[in-house]
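We're numbering straight along the sequence, starting at 1.
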Amino acid sequence: MSKVKSYLSLIRFSHTIFAMPFAMIGFALGAFSPHAHLRPLWMLFLLVIGCMIFARSAAMAFNRWLDVEFDAKNPRTAIREIPRGIISKSSAMRFVIVSCMAFVVCTWFINPLCFWLSFVALAVVLGYSYTKRFTPFCHLVLGLGLSLAPIGAYLAVTGRFAVLPILFSFTVIFWVSGFDIIYALQDEEFDKSLQLYSMPSWLGKAKALRVSEGLHLLSTACVVTAGWYGGFGLWYWAGVAVFMGMLVYQHLLVKPNDLSRVNLAFMTANGIASVVFAVFVIADLFLGGMRIF
């Protein structure tokens, strides 16, 4: 059990709370679409959950494996499992490989489109770990990786692309990249010392926070556009209000000269934003009946 806990800590399993609710939105959109497959939804649901867990586990473990030298030098991250020797680098890489294989196998059982796109998805979520070495736009690549959740889940159910889940994917891109910039404020000086790239190390804390605010405004624009395009009802707009409120709240918590509440902004505010928003969106789908997306 202690080994299991170590691996769950390695991949920060609790952070699944960010993308998983949006995957559920994509799945629900597909289930209410006239293009939904005739296969049992419970089977597709389990496969989508498996895809989410395995892809994210591979990405997080790979990030920890690749960045072990940086993590060991950073007081904030030196307590992580690989730098402390709780999990060896070779064991972490085996975990990455098994997770990648499990992800691809899950997509194989979903449909051919998801199977072939699984390799693109892995390239994005694994490739993110390299981006801090050459671009301050690494936060957007992280957002892109998590944004695959709603469109991927929709593809699992319908086997085709659609505008609405893509709008939710853009919501995730801007939302995640915005709060990742806030989280990166903690490592501004460390990143500069090792010539690593991030918005805070490139622009400084104050300007990076302005960029984060701009990205969250774009995320808000996407959820509003999705609501208008999808013809959603009152429950959806109540979810939008909570989502927007949590975005504003985290920016009120964090200031350039006061990072004491970064973790509250990062985990609590964004966790509430994603879960509550997803609950309200799915409730609106159930209460509003069948729509054509």
Cluster overlap Ile25 with Phe45, hydrophobic side-chain contacts below 4.5 Å: yes
Ionic contact status for Lys205 with Glu188, cut-off 4.0 Å: yes
Test log, rule side-chain contact (heavy atoms from CB on, under 4.5 Å), inputs Val223 and Phe277: CA-CA 10 Å; Val223 293; Phe277 179 65; 4.0 Å; yes
Smallest separation among heavy atoms of Gln250 and Phe179, with atom names: OE1-CB, 3.5 Å
From CA spacing to verdict: side-chain hydrogen bond (donor to acceptor under 3.5 Å, both in side chains), Arg80, Thr77: CA-CA 6 Å; Arg80 289 175 176 171; Thr77 58; 4.7 Å; no
Rounded distance (nearest 0.5 Å) linking atom CD1 of Ile282 with atom CZ of Phe286: 7.5 Å
Side-chain donor/acceptor of Ser201 to backbone N/O of Leu196, under 3.5 Å: yes
Basic-acidic side-chain contact under 4.0 Å: Arg64, Asp71: no
Distance in Å, Leu259 CG paired with Leu253 CG, rounded so as to fall on 0.5 Å steps: 12.0 Å
Sidechain-backbone polar pair: Ser212 side chain, Gly178 backbone, donor-acceptor under 3.5 Å: yes
Single hit among Tyr236, Tyr229, Trp235 for ring pair (Phe, Tyr, Trp, His ring centres under 6.0 Å) with Phe232: Tyr236
Thr107 vs Cys51 side-chain heavy atoms within contact, under 4.5 Å: yes
Criterion side-chain contact (heavy atoms from CB on, under 4.5 Å) on Leu66 and Met93, from CA distance to verdict: CA-CA 9 Å; Leu66 187 66; Met93 179 48 67; over 6 Å; no
Phe109 atom CZ: more than 12 heavy-atom contacts under 6.0 Å: no
Within one Ile-Leu-Val-Met-Phe-Trp-Tyr cluster: Trp237 and Leu247, side-chain cutoff 4.5 Å: yes
Approximate separation, where rounding is to 0.5 Å, of Met244 CE and Leu217 CG: 8.5 Å
Heavy-atom neighbours of Lys207 NZ exceed 12 at 6.0 Å: no
Close side-chain approach of Met101 to Val98, heavy-atom, < 4.5 Å: no
Side chain Ser274, main chain Pro21, donor-acceptor under 3.5 Å: no
side-chain contact (heavy atoms from CB on, under 4.5 Å) partners of Leu46, counting only residues at least two apart: Trp42
Derivation of the side-chain contact (heavy atoms from CB on, under 4.5 Å) call for Phe137 and Ser177: CA-CA 9 Å; Phe137 296 98; Ser177 55; over 6 Å; no
same_hphob_cluster(Phe119, Ile151) at 4.5 Å side-chain heavy-atom cutoff: no
Atom pair CH2/OG of Trp65 and Ser91 - distance to nearest 0.5 Å: 13.5 Å
Backbone of Met199 reached by a side-chain donor or acceptor of His139 within 3.5 Å: yes
Backbone of Leu142 reached by a side-chain donor or acceptor of Asp180 within 3.5 Å: no
Side-chain (Asn111) to main-chain (Cys114) donor-acceptor, under 3.5 angstrom: yes
Test item: Arg56 and Val125 side chains (from C-beta on) under 4.5 Å apart, heavy atoms: no
Single-linkage hydrophobic cluster, 4.5 Å side-chain cutoff, Phe161 and Phe27 together: no
Any donor-acceptor pair under 3.5 Å from Ser219 side chain to Thr171 backbone: yes
Interatomic spacing from CD1 in Ile181 to CD in Glu213 - rounded to 0.5 Å: 10.5 Å
Working for side-chain contact (heavy atoms from CB on, under 4.5 Å), residues Met60 and Val96: CA-CA 9 Å; Met60 285 295 295; Val96 171; over 6 Å; no
Distance in Å, Phe103 CZ paired with Phe115 CZ, rounded so as to fall on 0.5 Å steps: 10.5 Å
Test side-chain hydrogen bond (donor to acceptor under 3.5 Å, both in side chains) applied to Asp191 and Trp202, step by step: CA-CA 9 Å; Asp191 289 346; Trp202 182 41; over 6 Å; no
Atom CZ of Phe170 with >12 non-hydrogen neighbours under 6.0 angstrom: no
Verify same cluster id: Trp175, Met24 (apolar side-chain graph, 4.5 Å): yes
Ser99 side chain vs Phe95 backbone, donor-acceptor pair below 3.5 Å: yes
Main-chain N/O of Thr131 paired to Thr135 side chain as donor or acceptor, under 3.5 Å: no
Side-chain donor or acceptor of Asp284 paired with backbone N/O of Gly233 under 3.5 Å: yes
Pairwise side-chain contact, Phe70 with Lys73, heavy-atom cut-off 4.5 Å (strictly under): no
